[in-house]
Structures are given as C-alpha cells and as structure tokens.
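One structure below.
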Number of protein chains: 2
Amino acid sequence: MPATLRDVARLAGVSPSTVSRALSLPDMVGETTRARVKIAVEQLHYQPNRAARGLITGRTGNVGLVIPDLANPFFASVAKGVQARARRDDVAVFVADTDEEPAVEAGLFRALAKQVDGLILCSPRSSAEELAAIAEDTNVVLINRGVPGLTGVIFDDEDAMRQAMAHLAALGHRRVAWVGGPEASWSSQHREAGLRVAAESRGVELVTVGSFAPTYEGGVAAADQAVATEATAVVAYNDLVAIGLLTRLHARGISVPDDLSVIGVDDIEMSRMAIPSLSTIRMPKQRSGQIAVEILLDLIAMPEMLPPIGRQSVLAGELIVRNSTGPAPSTRA
Amino acid sequence: MPATLRDVARLAGVSPSTVSRALSLPDMVGETTRARVKIAVEQLHYQPNRAARGLITGRTGNVGLVIPDLANPFFASVAKGVQARARRDDVAVFVADTDEEPAVEAGLFRALAKQVDGLILCSPRSSAEELAAIAEDTNVVLINRGVPGLTGVIFDDEDAMRQAMAHLAALGHRRVAWVGGPEASWSSQHREAGLRVAAESRGVELVTVGSFAPTYEGGVAAADQAVATEATAVVAYNDLVAIGLLTRLHARGISVPDDLSVIGVDDIEMSRMAIPSLSTIRMPKQRSGQIAVEILLDLIAMPEMLPPIGRQSVLAGELIVRNSTGPAPSTRA
DNA sequence: TCAAGGACTGCAATCGTTTGTAGCAGCCGT
DNA sequence: ACGGCTGCTACAAACGATTGCAGTCCTTGA
C-alpha cells in the first residue's frame, strides 16, 4: 500500500537508483531530475522503508535507552531529554525499563543491541566488565556511571556537595549529617566523599548515618537516626530521601528549617511541591540525556576513527535555595 | 560479523529455508534436523535480523507509544506498564513525548507509524478526526480518550467521582467544590459530569471553580477561589492539582483536613508523600498500559477479521483514603 | 571535425529473511 | 511391482532500498 522507491521512479520517469541518489546525495543528480523526483515524492507521500534501508546500510536509525525505573522522576527526566534530542535527528528511541532488576539488564542489552545503532545506559547496576562487554558489540554511552575506558556523561557529585556544604556553612551550621544511599551506588560513594572533603575544608563536623534505600521510604526510615546525630542540618542522598525525611520530621513535630535544615540532590519536580519546599542541588537531568544522544550519534557516525572513547562529560549542578534550609538554630538567637 | 541464517544452515548442513522453518514452524521439519539446527543456532549465537524479517513479513515487531509528557508521573506510569507488558512478548517500544505540543502530534504519528506495527496513543490532544485518520493507516489503541469507532482503554471517571462523593458525603460534607482541569480535556468533562450526578443523587451541593491547568501551578492558582466557595471539601481534577491546593492552603494557614478536605484523582507516587498525605482515587495506570498492549497485539495478530474495533475497555479506580480528607467542620463539634 | 573528458543516469548485485513450489525419498495398499 | 501418498527438504523468488560500475550524451579544446 505505501509507495515504494520504484513507484516514485516510475512516476518521475527515472530509475530507482536515481531516486535514491536524489534523496540522499542530492548533488549527484541533475537539477531538473531532482525536481521531478521531488514532485513525485510529494505526490506519492513517499517515505523510505527503514527496514530495507537498514538491511543494506547496516544502520537502523534507532537508539536504545535502558533505565532502571521509568516511574522514578529522575530517570523520567533523563528519558525525556534523550527523547527530545533524538527526535531532532529523526532517530527513534527504544525505551526499556529494567524494573530495578539487575538480572534482566544483561539480557535486555543483548536483545536491544541488535535493533539499534547504539545504546544509552542510565546508571546500570551491571558490573564494569559486563558493560565493557556490551560496548564491544555496539556503541554505548553511560549516564551517571563512570567506567574507565567507556564514554559517558556524569554529574559532578563532588562539586554538588561542595555547593551544598558551602550553603549550609554560610547559614552557620557546624555539624551536618549525611544520609547515604545504597552502599553499592556509584554516586552515593562520590557524594559522600565530596561532602567529606568539603566539610573538612570548612571545618564542619560531618556525621554519616547508615545507608538507606534511595527512596521516600528510605528517607522516612532515616529520619530518626539523623535527628539522633544532633546535627543542625542534613544532606540527603537525593530528593526522594529528603522528602521522606521531611515527612517523618513533620510527624515528630520537628520544624524544618527552624529546628533542622534539609537539603537534597537532583531537583525533581516533587521537590518544589514539598512542604516546606526543598532546597537542593539541581542536576541537569534532561541535559544529560541530550548530551548522551549527541555523543552517541558522533560515535555512530565515525566508524572506527580513533573514537573519543573513554571520554566523560561531566555536568555541574546548581544550588537551588528553597525553604527547607535556614540558619542554624544556635545562631538564630 | 553477526551470524546469519546461511551461516547456521551451512554449519547444520541444511538449507537456509529449513533453518528458517525450524525456528518459526518447528513441526514442519524432522526431529533430527531440528536438533541439528538448534545446536548450530546456539553455537553461533544466532539471532535473526529483524530488519530482514520485517522486510518480507511487513511486520516490525515494534510498537510505538506517544505521550504528552514523560516527566509527568501519570504518563510515566502508563509508559512503564506498556513497556513491561510489551517485553513479555518480545516487542520493543518506541516512546515519543510530544512535550504537550499538539502541533507535533500528527507529524510524530506519521513518522512512527512507518516503523511500528501499531501505536498506543495516550490521551492525545488531537481531534477525533485526526485520530481516526491515523487509525486508517495503522493499528491504534487509545488510552484515556474515548473516540467512537476507535478501540481504547479508558478510566471509569464517573465511577471514580461517585466514590469520591460517597466518601465525602459519608464524612458529612454537604457542600463540595470541583476544581476542573482544562476545558478541552476529555476526562475533565467526564469527571465533572460524574461528580455532578453523584452530588445530586446524595443531595450534596456542588460548586465548580473555573478551569485550571492540570498541574501543580494550576492547583495553587485555584486554591483561593476554592476557599471562597465556602465548601468544606474540594475535589481536584487530579493529584497534581490537589497537591498545588495543599501548598497554597498551608501557606494561608488553612488546615487540611480540619478546615477543608481535599481529594484528588490518579494516585501518583507523590500523593502519598504530600503533607498531609493525599486521599485520592487510584487509577490503574500501569494496568491501562498493559491492557492497551494486549489489545494492540490482538489487533495486529488478526489481519482484518472483523476486528473488535470500537471496543473500549474501561478500568475502575479505587478510593484511597489518606490524611487529606476528614469530617466536615460543622459536624465535628 | 574528432577525441577526450565530465556530468548524469541506468543496470544489477546485494543485504538476511520468508515462503510458494518442486523434488526426493520411503511407505503403503493392491 | 507400481502408482500414489506422505513427510521432509531444497530451490528460488521475492521484500525495498543502496551503491559500484558501466554506459550515454554533451561539452570542450585542438
């Protein structure tokens, strides 16, 4: 039913190959021919069959995006960025959600790899070796995960923590608590480390409380321990955790920010809707997706010519001051 | 580099066609042959080339999902459901986000239609005519949008409002306000209508306040007007709006639910994290995506045999009582 | 005027599958 | 012993595009 290259060729009175060239290498065909082809194409609403093209070129024109959880606003934003940037270049995006199950990751990668020109992997749980193996077979760009030798875009966790600490220190806090994410989490480690050096450089005392799930529930679970540290401010692994803290603190009648300041990381939508609205370090989530696509497209375009492999783009965050942080209690008086 | 059907055939000592049949129509080939093929396939890690297959079968094995905004938790959940169900049948999902711009929808539909066996359209802004036109070209399943003659899955808005009203009436509320979504919104109209009949049947007075954006900002904008109605409870178009209301009410010192009850619709993640946690009608979002895929796969499977076209699945919501609804103020004393 | 060269265009092979049709056994019944 | 059947398997033609190569025609310089 849909028009084929031959139909166009027939209507334009030229050969299929000419039509093909008229479309992909316009200056290889004569001007009048090109015009005739153009008319025929429009008249027939011709659109090339991607499968056929892919068969011969070996390119699909698609990329795959793998993320742990679509319903997590952080990943949703990344996906949105990927999606938007990809469309500008007419490449379609397969989205796959691993449901936070590392076990399905590997299989998913393989299955997808066949159908795409490249993969964007968003903070996968898979080991560095597994990732490297995938990268052998296909072009891969990592987001939010640094693996030596692989290219990716990551957030500047150390700097983010520096900003958070600067903000808190300026408010007079001298003892702050860190509520960590999962032990295995790459970014939790980096954030804690960054926070530690920032604290030391400012002479602030840093206490850390356990590791918690990077979720709202993790936050409510962490709250009592955080309070017990007698810190005047707490830095949460991410906004979800911070919001969980807020809930539990509210329930206990602890006022934020009057009694305790809370700051998160990420700046998900929800953060500005919290009560009190959450101070946080905004990470450029959509932008990370956008950049990942750009890198991936470059990788795809240049066959093997000494690819800038192993390069990592690092994206800086931005301090967003809202109402969950305030002067340290002791200094208020 | 990757193994082809011919490679497998050579290794197994049979012809390519036999390999093909051994894989897709196993009982058309002899048992011993089938075993030999199986071994060769595994040895070579053979995976059929989807493009080549698609070229001849006309099927891609892919479906497309179009949603207005990936970062909106409601749509993200739907996408998650679609995605999960599709993977079970080994079909990949293209996700496209229109960024809430109706203008891009049509073009996006066309572009995607070529690359997929069917489309799932989630509450598009496009007109019924446009949608019908797309449905001429390809299989389409609508989510959250009823169009006569097209198949889709929708939420039972009337029933949801009935539940909400029953809940509020039972708490003694005699005057409730409706904060509507966009005028053009299909579900806003249905919800308002449903709420109206439910109110009448219970002798509750219903006042409606303007139409607002279906967002957090819409909710904060609506709050003052809602308060001005002197209703003791307000039903919001959706949870995002309800959460906006909560924020503004908090800022004005109006206590929820002591002074005013608030109830939303959808039950997005955020709702249980709000302070106070939000009572709402939970809509089976993931399930809607899942069902849409099942319908779509059926549609694809049966060529033209009197398809169950025009059928709509309707999914019922479930009242979730949290802390934003309570007894009407007058009855408390 | 003729040969050489350039600018276009057409031919045909090819990508990796699927699938209609034909061929080749072996087996049965008569 | 032979025709016909059944059960497999191989051949070859597609599907719709891209692309190296060869051919045509026109221009140009001597």
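As the structure is a prediction and not an experimental result, all values here were calculated from the model. Throughout, protein chains are lettered first and strands after them, A, B, ... in sequence-line order, and every chain is numbered starting at 1.
Checking Arg34(B) against Arg53(A), the closest nucleotide of DNA chain D that is more toward the 5' end is the one next to Arg34(B). Residue Met28(A) is the one, among Met28(A) and Asn49(B), whose nearest nucleotide of DNA chain C lies closer to the 5' end (criterion: closest heavy atom).
Within the 3.5 Å criterion, the main-chain N or O of Gly152(B) finds no donor-acceptor partner in the side chain of Arg145(B). Within the 3.5 Å criterion, the main-chain N or O of Ala292(A) finds no donor-acceptor partner in the side chain of Arg85(A).
In this structure, the CZ atom of Arg59(B) is 15 Å from the P atom of dG16(D), given to the nearest Å. In this structure, CZ of Arg6(A) is placed 8 Å from P of dC15(D), rounded to the nearest angstrom. What separates NZ of Lys114(B) from C1' of dC15(D) is a distance of 16 Å, to the nearest Å. For the pair Gln115(B) CD and dG16(D) C1', the computed distance is 15 Å after rounding to whole Å.
Residue side chain Thr57(A) does not reach the base of dC15(C) through any donor-acceptor N/O pair under 3.5 Å, judged by distance alone.
A sub-4.0 Å separation between OP1 or OP2 of dG10(C) and a side-chain N or O of Thr18(A) is present. The phosphate of dG16(C) (OP1 or OP2) has no side-chain N or O of Thr4(B) nearer than 4.0 angstrom. The side chain of Ser20(B) contributes an N or O atom lying less than 4.0 Å from OP1 or OP2 of dT18(C).
Contact annotation for Arg21(B): base contact, defined as any heavy-atom pair under 4.0 Å involving a base atom.
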Steps toward salt bridge (charged side-chain N to carboxylate O under 4.0 Å, His left out) verdict (Arg87(B), Asp97(A)): CA-CA 9 Å; Arg87(B) 185 165 54 241; Asp97(A) 170 316; 5.4 Å; no
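With distances taken from any side-chain atom of Leu55(B) to the nucleotides dT18(D), dG10(C), dG16(C), the minimum falls on dG16(C). Taking only side-chain atoms of Ile56(A), from C-beta outward, the nucleotide of dC8(C), dT17(C), dA17(D) with the closest atom is dA17(D). Between dA12(C), dG16(C), dT19(C), one nucleotide has an atom nearer to the side chain of Ala52(B) than all others, and that is dG16(C).
Test Thr138(A), Asn62(A), Asn139(A), Thr60(A) against Asp117(A) for side-chain hydrogen bond (donor to acceptor under 3.5 Å, both in side chains) and you get one pass: Thr60(A).
When every heavy atom of Lys285(A) is checked against every heavy atom of Phe74(A), the shortest pair comes out as CD-CD1, 3.5 Å.
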